[in-house]
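For reference, the structure discussed in these notes is given below.
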Amino acid sequence: MTTDNSVQVSVLGLGAMGSALAGALVKAGYATTVWNRSPGKADGLVAQGAKAADTAGDAVRAGRLVIACLLDHASVHEVLDPLSGELAGRTLVNVTTTSPAQSRELADWAARTGVAYLDGGIMAVPQMIGQPGSSILYSGSADVFHQHKPLLDLWGSSTYFGEDAGLASLYDLALLAGMYVMFAGFLHGAAMVAPAGVTAGEFAIRAAPWLTAMTGAFEGFAAVIDGGDYTVEGQQSLNFSHLGDFLAASSELGISTEVVAMVQRLIQRQIDAGHGEEGFARIYESIKQPG
């Protein structure tokens with residue numbers, strides 16, 4: 001498929017991400033109208049060729065394809081509810097960060113309003129938009145995804161997860177959960193070595209290749225979890241994974257133990273249930289069934 005530059009696009013929300021998305025469209029030659037609640041955010045995009053709308057209504061009327069990149073779920077309704085009549089018959093791609101339930105609610109609202117709806121989860125920071133490594137996850141209307149895929153691909157590799165509008169958000173938040181816990185682990189390590197005079201930069205040089213290499217264990221963990229057998233040979237046992245030494249060292253250094261203690265609680269719950277000789281992947285059960 002080739003890019004159809006005749007599609008008129010309106011972008012609502014010009015924060016760092018919204019501006020990056022709109023900028024990619026303008027660069028690709030799309031007739032792009034932009035709107036932001038506070039004035040001034042559109043100036044740079046106008047200089048590149050975008051058209052600024054005075055109101056959200058003006059922006060919606062200018063484009064058959066409307067992109068919403070707003071603060072949150074409530075903001076989407078605050079901006080779009082008064083424009084339901086204007087939106088009817090148009091297409092809405094919502095890349096505002098929302099929960100799966102909120103994404104499904106917006107899809108239901110769009111259906112009642114007569115709007116074709118696609119939900120998106122952006123796996124990139126603004127500087128990555130249009131660059132290698134940028135990925136955006138979508139769910140909702142298959143027709144919208146396939147019709148506008150050339151446009152969506154301008155922002156990053158596009159993956160479609162099906163008609164359930166909440167799936168893109170679910171994947172988005174699940175992936176970000178892993179990222180934030182990994183970041184917290186790195187920061188804990190940096191705090192551990194700081195009293196020894198090691199800078200965070202020096203620690204990062206060691207940590208980045210180590211953590212990258214450890215992601216190779218994901219597929220093995222996944223195979224064990226999907227197989228449902230935590231006794232498979234070759235796994236590190238929960239007893240061996242006990243983090244008492246980590247907690248003690250952190251306490252001795254005078255730093256918080258919260259990050260490591262969280263993992264230790266998950267381990268200990270399974271050990272207390274009699275699974276100490278089983279593999280570390282079993283903490284998945286502690287997470288899945290918190291009771």
- [ ] Would you check if Gln8 and Thr33 make a side-chain contact, meaning some heavy-atom pair closer than 4.5 Å?
- [x] no
Open item on the list: Nearest 0.5 Å, please: how far is OG1 in Thr55 from CZ in Arg37?
Closed with: 12.5 Å
Task: Check ion pair Arg282-Glu277 (N to O, under 4.0 angstrom) - done: no
TODO: Would you kindly say whether Tyr230 and Gln270 are connected by a side-chain donor-acceptor distance under 3.5 Å?
DONE: no
Open item on the list: Just verifying a value: how many Å separate Leu137 CG and Ser135 OG, rounded to the nearest 0.5 Å?
Closed with: 5.0 Å
Task: Val66 to Gly63 - nearest heavy-atom pair and separation - done: CG2-O, 4.0 Å
Open item on the list: Is there a path of hydrophobic side-chain contacts, each under 4.5 Å between heavy atoms, that joins Leu45 and Leu65?
Closed with: yes
- [ ] First locate atom CG of Leu80, then atom OG of Ser75, and finally report the distance between them rounded to the nearest 0.5 Å.
- [x] 10.0 Å
Task: Taking every non-hydrogen atom, the tightest pair across Ser103 and Ala165 - done: CB-O, 3.5 Å
Open item on the list: Pair Leu238, Gln268 - check side chain to side chain contact (heavy atoms under 4.5 Å, CB included), show working.
Closed with: CA-CA 8 Å; Leu238 286 161; Gln268 193 62 51; over 6 Å; no
Task: Qualifying residue for side-chain contact (heavy atoms from CB on, under 4.5 Å) with His148, from Leu118, Val93, Val7 - done: Val7
Open item on the list: With no hydrogens and no angle check, just 3.5 Å: does a side-chain donor-acceptor pair link Asp81 and Trp109?
Closed with: yes
Task: Gln264/Ile267 under side chain to side chain contact (heavy atoms under 4.5 Å, CB included): CA gap, chis, key distance, verdict - done: CA-CA 5 Å; Gln264 177 57 27; Ile267 293 171; 4.1 Å; yes
Open item on the list: For the residue pair Ser141 / Asp143, report whether a side-chain donor-acceptor contact shorter than 3.5 Å exists.
Closed with: no
- [ ] Please indicate whether Asp272 has more than 12 foreign heavy atoms, meaning atoms of other residues, nucleotides or ligands, lying under 6.0 Å from its CG.
- [x] yes
Open item on the list: Checking Thr96 against Asp119 for the side chain to side chain contact (heavy atoms under 4.5 Å, CB included) test, could you report, in this order, the C-alpha distance in whole Å, the side-chain angles of both residues, the deciding distance, and whether it holds?
Closed with: CA-CA 8 Å; Thr96 305; Asp119 200 86; over 6 Å; no
Open item on the list: Can you give me the closest heavy-atom contact between Ala204 and Pro209, atom names plus distance?
Closed with: O-CD, 4.3 Å
- [ ] List the atom of Cys69, the atom of Gly18, and the distance in Å for their closest heavy-atom pair.
- [x] SG-N, 3.6 Å
Open item on the list: Keeping Arg90 on the side-chain end and Arg64 on the backbone end, is there a donor-acceptor pair under 3.5 Å?
Closed with: no
- [ ] Examine Leu70 and Ile67 and state if one hydrophobic cluster contains both, with Ile, Leu, Val, Met, Phe, Trp and Tyr joined whenever side-chain heavy atoms are less than 4.5 Å apart.
- [x] no
- [ ] Check Asn239, Val224, Thr231 against Glu278 for a side-chain contact (heavy atoms from CB on, under 4.5 Å) and give me the one that passes.
- [x] Thr231
Task: Close side-chain approach of Leu243 to Val263, heavy-atom, < 4.5 Å - done: yes
Task: Pair Ser158-Asp153, side-chain donor/acceptor within less than 3.5 Å - done: yes
Task: Close side-chain approach of Lys41 to Val34, heavy-atom, < 4.5 Å - done: no
Open item on the list: For the backbone of Gly13 and the side chain of Asn36, can you confirm whether one donor and one acceptor N or O come within less than 3.5 Å of each other?
Closed with: no
- [ ] Measure the spacing between CZ of Phe218 and CD1 of Ile225 and express it to the nearest 0.5 Å.
- [x] 11.0 Å
Task: Check: Tyr138 ring centroid to Tyr160 ring centroid under 6.0 Å - done: no
Task: Within one Ile-Leu-Val-Met-Phe-Trp-Tyr cluster: Leu170 and Leu176, side-chain cutoff 4.5 Å - done: yes
- [ ] I would like to know whether Met128 and Met123 meet side chain to side chain contact (heavy atoms under 4.5 Å, CB included); could you show each step before the answer?
- [x] CA-CA 9 Å; Met128 292 172 62; Met123 306 306 299; over 6 Å; no
Open item on the list: Looking at every non-hydrogen atom in both residues, tell me the closest pair between Ser139 and Gly166 and how far apart they are.
Closed with: OG-N, 4.0 Å
Open item on the list: Side chains of Thr257 and Ser250 only: does a donor on one sit below 3.5 Å from an acceptor on the other?
Closed with: no
Open item on the list: Minimum heavy-atom separation for Met192 and Ala249, please, with both atom names.
Closed with: CE-CB, 4.1 Å
TODO: Kindly work out whether a path of hydrophobic side-chain contacts (I/L/V/M/F/W/Y, heavy atoms less than 4.5 Å apart) joins Leu266 to Tyr284.
DONE: no
- [ ] Would you indicate whether the side-chain heavy atoms of Asp164 and Arg104 approach each other to under 4.5 Å?
- [x] yes
Open item on the list: Using a 3.5 Å distance criterion without hydrogens, assess whether the side chain of Glu202 forms a donor-acceptor pair with backbone atoms of Thr199.
Closed with: yes
Open item on the list: With a 4.5 Å cut-off on side-chain heavy atoms, are Thr32 and Lys51 touching?
Closed with: no
Task: Beyond-backbone contact of Leu25 with Leu151, side-chain heavy atoms, under 4.5 angstrom - done: yes
Open item on the list: I need the Thr159 OG1 to Phe161 CZ distance, nearest 0.5 Å.
Closed with: 5.5 Å
TODO: Output yes when Asp58 and Arg61 qualify as a salt bridge under the 4.0 Å nitrogen-oxygen rule, no when they do not.
DONE: yes
- [ ] Please check if the side chain of Ser134 supplies one atom and the backbone of Trp155 the other of a donor-acceptor pair under 3.5 Å.
- [x] yes
Open item on the list: Quick check for you: to the nearest 0.5 Å, what is the distance between Arg269 atom CZ and Ile287 atom CD1?
Closed with: 9.0 Å
Task: Exercise: do His73 and Glu105 side chains pair donor with acceptor under 3.5 Å - done: yes
TODO: Taking the six-membered ring for Trp and the full ring for Phe, Tyr or His, determine whether the centres of Phe203 and Phe186 are under 6.0 Å apart.
DONE: yes
TODO: Check whether any side-chain heavy atom of Trp35 sits under 4.5 Å from a side-chain heavy atom of Val11, and report yes or no.
DONE: no
Open item on the list: Contact between Thr97 and Asp72 at the side-chain level, heavy atoms closer than 4.5 Å - yes or no?
Closed with: no
Open item on the list: If we ignore hydrogens and angles and just use 3.5 Å, is the side chain of Thr113 paired with the main-chain N or O of Val115 as donor and acceptor?
Closed with: no
Task: Within one Ile-Leu-Val-Met-Phe-Trp-Tyr cluster: Met214 and Leu175, side-chain cutoff 4.5 Å - done: yes
